[in-house]
Engineer: 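One structure is given below, represented as structure tokens, and several questions about it will come after.
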Amino acid sequence: MSRVLGIETSCDETGVAMVEDGRRILSNIVASQVALHAPYGGVVPELASRQHTRCITQLTEQALNEAATDAEAVAATYAPGLMGSLLVGLNFGKALAYAWRVPFVPIHHLEGHIYSAFLTDTPPYFPFLALLVSGGHTSLVWCPAPHRYETLGTTRDDAVGESFDKVARLLDLPYPGGPSIERVAQSGDPRAFTFPRAMANLDSLDFSYSGLKTAVLHLLRTYPDANPADVAASFQHAAITSLVNITQRAAAQLGYTRVLVTGGVAASCALRAAFQQTALDAIFPGKGMSTDNGAMIALAGYAQFDQTQGWDLGMNAVPYLELGKS
Ligand code: KG4
Ligand code: ZN
């Protein structure tokens with residue numbers, strides 16, 4: 001089994017890709033719904049699932065044509081994510097596998113993000129720590145061996161990407177907030193304002209981002225003329241500092257320095273630079289691979305194939321599921 005069709009529809013990107021031998025991307029097509037959700041400042045679940053339904057057939061045809069080959073297995077995200085969106089890709093993938101008489105591999109979205117970093121000449125080797133940072137997740141996961149995951153810490157409220165999206169809205173910057181804030185922050189002073197670093201003085205490996213967002217809200221109410229570039233830079237600095245500090249805390253507790261950083265927020269150059277200034281051995285996926293796509297699901301499907309029964313068509317979508325739990 002070497003060619004896997006990967007399908008990702010857990011949130012607001014429809015991704016379909018064909019990957020060969022877990023190494024070569026034959027096609028990787030992503031239809032972004034950014035323009036659809038931008039007027040609302042965040043993802044509207046019902047609009048997202050309808051849009052996945054509208055475009056998944058054509059996207060799959062495109063991915064198959066570009067790959068110019070057939071699939072020997074189908075992998076699709078089954079958890080976690082928006083229920084309606086998950087159902088579209090999962091059922092589409094199951095139907096394809098059934099019609100083609102090939103195995104179906106259900107994939108946890110965060111495992112897909114982890115495997116997005118395996119597409120390099122020197123893939124990471126186990127064990128490692130994984131920092132998973134996206135619009136829906138902020139988790140530190142200990143990965144001792146393939147397909148064994150132990151969540152050490154997670155967010156107690158907002159996900160870090162969600163806080164970028166919310167703060168961007170406060171600053172009238174376009175959705176998605178992460179890239180907008182990073183762009184504006186380039187001309188700002190990260191030390192102009194001091195925002196709280198959540199969980200700074202605790203022993204916990206959990207994160208918290210809603211206090212930071214509220215602090216930005218209060219600042220903007222108190223100083224409506226504050227320079228938006230300075231606010232963006234100071235917020236970004238605070239958000240990134242807690243990610244780095246808590247990851248360092250976990251690495252020190254475990255005695256391991258290898259950390260894989262992945263998920264949409266890992267596209268941030270500022271985050272990459274901050275990790276490079278630490279003693280940690282931080283590994284990032286290639287930039288286009290950080291955000292949601294079908295190739296990462298195909299890669300995880302390839303890696304997991306040996307361990308599955310091969311015909312797992314009974315799997316249902318699960319909106320909330322910790323990585324490593326079933
Ligand atoms: O992994 P992803 O594509 O979708 C989810 O699973 O959520 O991540 C999207 C999130 C959004 O919240 C977006 O604002 C954030 O990733 N993001 C960034 C950057 N690029 C995307 N956050 C900070 N800096 C960036 N450069
Ligand atoms: Zn994601």
Side-chain angles (χ1 to χ4, degrees), residues 6-15 28 30-34 37-38 40-43 45 48 52 76-82 85-86 89 107-117 130-139 141 155 158-171 173-186 188 190 207 209 212-213 232-233 235-244 260-275 284-297 299-300 319-321 323:
I7 301 176
E8 157 60 38
T9 63
S10 66
C11 190
D12 62 340
E13 256 112 22
T14 322
N28 187 18
V30 178
S32 165
Q33 299 182 3
V34 162
H37 302 289
Y40 307 95
V43 178
H52 288 307
T77 308
Y78 77 99
L82 302 171
S85 293
L86 285 168
I107 298 296
H108 190 289
H109 181 73
L110 294 183
E111 183 163 43
H113 274 304
I114 287 176
Y115 274 91
S116 70
L131 175 67
L132 302 162
V133 280
S134 73
H137 312 277
T138 311
S139 299
V141 180
T155 182
D158 292 349
V160 59
E162 183 182 0
S163 78
F164 273 86
D165 296 334
K166 287 180 174 173
V167 168
R169 214 164 358 165
L170 296 176
L171 291 170
L173 296 171
Y175 172 83
S180 304
I181 287 189
E182 180 160 40
R183 197 181 55 251
V184 171
Q186 275 166 7
F207 303 86
Y209 280 97
L212 176 56
K213 170 208 63 195
F235 158 76
Q236 179 176 260
H237 181 65
I240 285 177
T241 304
S242 9
L243 287 180
V244 173
L260 197 157
V261 187
T262 179
V265 182
S268 162
C269 297
L271 182 66
R272 289 171 184 237
F275 268 105
F284 286 82
K287 233 177 160 194
M289 289 293 285
S290 303
T291 43
D292 292 353
N293 63 81
M296 69 186 201
I297 303 304
L299 285 161
Y320 298 98
L321 184 65
L323 185 57

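From a predicted model like this one, the values you see are computed outputs, not experimental measurements. Atom set for the values below is all heavy atoms of this structure, side chains included, hydrogens, waters and symmetry mates excluded. When a ligand or atom number is given, it counts from 1 through the structure's own listing order.
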Engineer: Work out how many protein N, O or S atoms lie closer to the Zn ion (ligand 2) than 2.8 Å.
Structural biologist: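 Number of qualifying protein atoms: 3.
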Engineer: May I ask you to test the Val261-Phe275 pair for a side-chain heavy-atom distance under 4.5 Å?
Structural biologist: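 Contact flag for Val261/Phe275 side chains = yes.
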Engineer: Run His52 and Leu82 through side chain to side chain contact (heavy atoms under 4.5 Å, CB included) and show every step you take.
Structural biologist: CA-CA 12 Å; His52 288 307; Leu82 302 171; over 6 Å; no
Engineer: Quick one: does Gln33's side chain have a donor or acceptor within less than 3.5 Å of a partner on Ala48's backbone?
Structural biologist: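 The answer is yes, because a donor-acceptor pair under 3.5 Å joins these two groups.
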Engineer: Report yes or no: does His108 contribute a side-chain atom to a donor-acceptor pair with the main-chain N or O of Leu321 at less than 3.5 Å?
Structural biologist: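 It does hold such a pair.
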Engineer: Within the structure, does Asp292 bring an N/O atom to less than 3.5 angstrom of an N/O atom in ligand 1?
Structural biologist: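 Checking ligand 1 against Asp292, an N or O pair does fall under 3.5 Å apart.
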Engineer: Any N or O on His137 sitting closer than 3.5 Å to an N or O of ligand 1?
Structural biologist: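 Min N/O separation from ligand 1 is not below 3.5 Å for His137.
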Engineer: Quick check: Cys11 and ligand 1, any N/O pair under 3.5 Å apart?
Structural biologist: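 Between Cys11 and ligand 1, no N or O pair is found under 3.5 Å apart.
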Engineer: Over 60° means perpendicular and under 30° means parallel, so tell me whether His113 and His109 are parallel, tilted or perpendicular.
Structural biologist: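 Because their plane-to-plane angle is over 60°, the rings of His113 and His109 count as perpendicular.
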Engineer: Provide, to 0.1 Å, the distance between atom 15 (C) of ligand 1 and the closest protein heavy atom, together with that atom's residue and name.
Structural biologist: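 Heavy-atom neighbour on the protein nearest atom 15 (C) of ligand 1: Val265 CG2, 3.9 Å.
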Engineer: Quick one: does any side-chain atom of Tyr209 pair with a main-chain N or O of Thr155 as donor and acceptor, under 3.5 Å?
Structural biologist: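 It does not hold such a pair.
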Engineer: Which atoms from ligand 1 have a heavy atom of Gly264 less than 4.0 Å away?
Structural biologist: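 Selected atoms, number and element: 1 (O), 2 (P), 8 (O), 16 (O), 17 (N), 18 (C), 19 (C), 20 (N), 21 (C).
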Engineer: Please work out whether any backbone atom (N, CA, C, O) or any side-chain heavy atom from C-beta onward of Asp165 is under 4.0 Å from ligand 1, and answer side chain, backbone, both or neither.
Structural biologist: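 Looking at Asp165 and ligand 1, just side chain atoms fall under 4.0 Å.
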Engineer: Can you list the ligand 1 atoms lying under 4.0 Å from a non-hydrogen atom of Gly177?
Structural biologist: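 Numbered from 1, ligand 1 contributes 14 (O).
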Engineer: Does an N or O anywhere in Thr291 fall below 3.5 Å from an N or O of ligand 1?
Structural biologist: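 In fact, backbone or side chain, Thr291 has no N or O that close.
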Engineer: Using a 3.5 Å distance criterion without hydrogens, assess whether the side chain of Ser32 forms a donor-acceptor pair with backbone atoms of Glu13.
Structural biologist: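 Flag not set: sc Ser32 to bb Glu13 has no pair under 3.5 Å.
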Engineer: To which protein heavy atom is atom 18 (C) of ligand 1 closest, and what is the distance rounded to 0.1 Å?
Structural biologist: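 Among all protein heavy atoms, the one nearest atom 18 (C) of ligand 1 is Gly178 CA, 3.4 Å.
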Engineer: With heavy atoms under 4.0 Å as the rule, classify the contact between Ser268 and ligand 1 as side chain, backbone, both or neither.
Structural biologist: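 Answer for Ser268: both.
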Engineer: Counting only N and O atoms by type, is there a donor-acceptor contact under 3.5 Å from the side chain of Ser116 to the main-chain atoms of Ser290?
Structural biologist: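 Judged by distance alone, no pair lies under 3.5 Å.
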Engineer: Under 4.0 Å from a heavy atom of Gly136: give me the atoms of ligand 1 that qualify, with their elements.
Structural biologist: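 Under 4.0 Å from Gly136, ligand 1 has these atoms: 7 (O).
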Engineer: Flag the pair Leu131 / Leu260 as yes when at least one side-chain heavy-atom distance between them is below 4.5 Å, and no otherwise.
Structural biologist: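 Leu131 does not reach Leu260 side chain to side chain.
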Engineer: What protein heavy atom sits nearest atom 26 (N) of ligand 1, and how far away is it?
Structural biologist: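 Of every protein heavy atom, Glu182 OE1, 2.8 Å lies nearest to atom 26 (N) of ligand 1.
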Engineer: Any nitrogen or oxygen of Gly263 lying under 3.5 Å from a nitrogen or oxygen in ligand 1? Just yes or no.
Structural biologist: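 Looking only at distances, the answer is no, because the N/O contact criterion of under 3.5 Å is not met.
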Engineer: Is ligand 1 less than 4.0 angstrom away from at least one heavy atom of Gln236?
Structural biologist: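 It does not; every heavy atom stays at 4.0 Å or beyond.
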Engineer: For His109, counting its heavy atoms only, list the atoms of ligand 1 lying under 4.0 Å from any of them.
Structural biologist: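 With His109 as reference, the close atoms of ligand 1 come out as 6 (O).
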Engineer: Would you say Phe164 has any N or O atom under 3.5 Å from an N or O of ligand 1, going by distance alone?
Structural biologist: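 No; the residue has no nitrogen or oxygen that sits under 3.5 Å from a nitrogen or oxygen of the ligand.
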Engineer: Tell me if a side-chain donor or acceptor on Asp165 pairs with a main-chain N or O of Pro176 at a distance below 3.5 Å.
Structural biologist: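 It does not hold such a pair.
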Engineer: Roughly how far, to the nearest 0.5 Å, is the CG atom of Leu212 from the CZ atom of Phe164?
Structural biologist: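 Those atoms lie 8.5 Å apart.
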Engineer: Nearest non-hydrogen atom to atom 10 (C) of ligand 1 belongs to which of Gly135, Ala267, Gly161?
Structural biologist: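 The option holding the nearest heavy atom is Gly135.
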Engineer: Going by the side chain to side chain contact (heavy atoms under 4.5 Å, CB included) test, name the single residue among Leu110, Ile297, Ile107, Leu86 that passes it with Ser10.
Structural biologist: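 Passing option: Leu86.
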Engineer: Show me which atoms of ligand 1 lie under 4.0 Å from any heavy atom of His113.
Structural biologist: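 Ligand 1 atoms under the 4.0 Å threshold to His113: 1 (O).
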Engineer: Between the main-chain N or O of Ala270 and the side-chain N or O of Glu182, is there a donor-acceptor pair closer than 3.5 Å?
Structural biologist: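 Yes, Glu182 side chain to Ala270 backbone: donor-acceptor pair under 3.5 Å.
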Engineer: Atom CG of Leu170 and atom NZ of Lys213: how far apart are they, to the nearest 0.5 Å?
Structural biologist: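 It is 8.5 Å, given to the nearest 0.5 Å.
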Engineer: Only counting residues at least two apart or in another chain, list the ones meeting side-chain hydrogen bond (donor to acceptor under 3.5 Å, both in side chains) with His137.
Structural biologist: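 His137: no side-chain hydrogen bond (donor to acceptor under 3.5 Å, both in side chains) contacts found.
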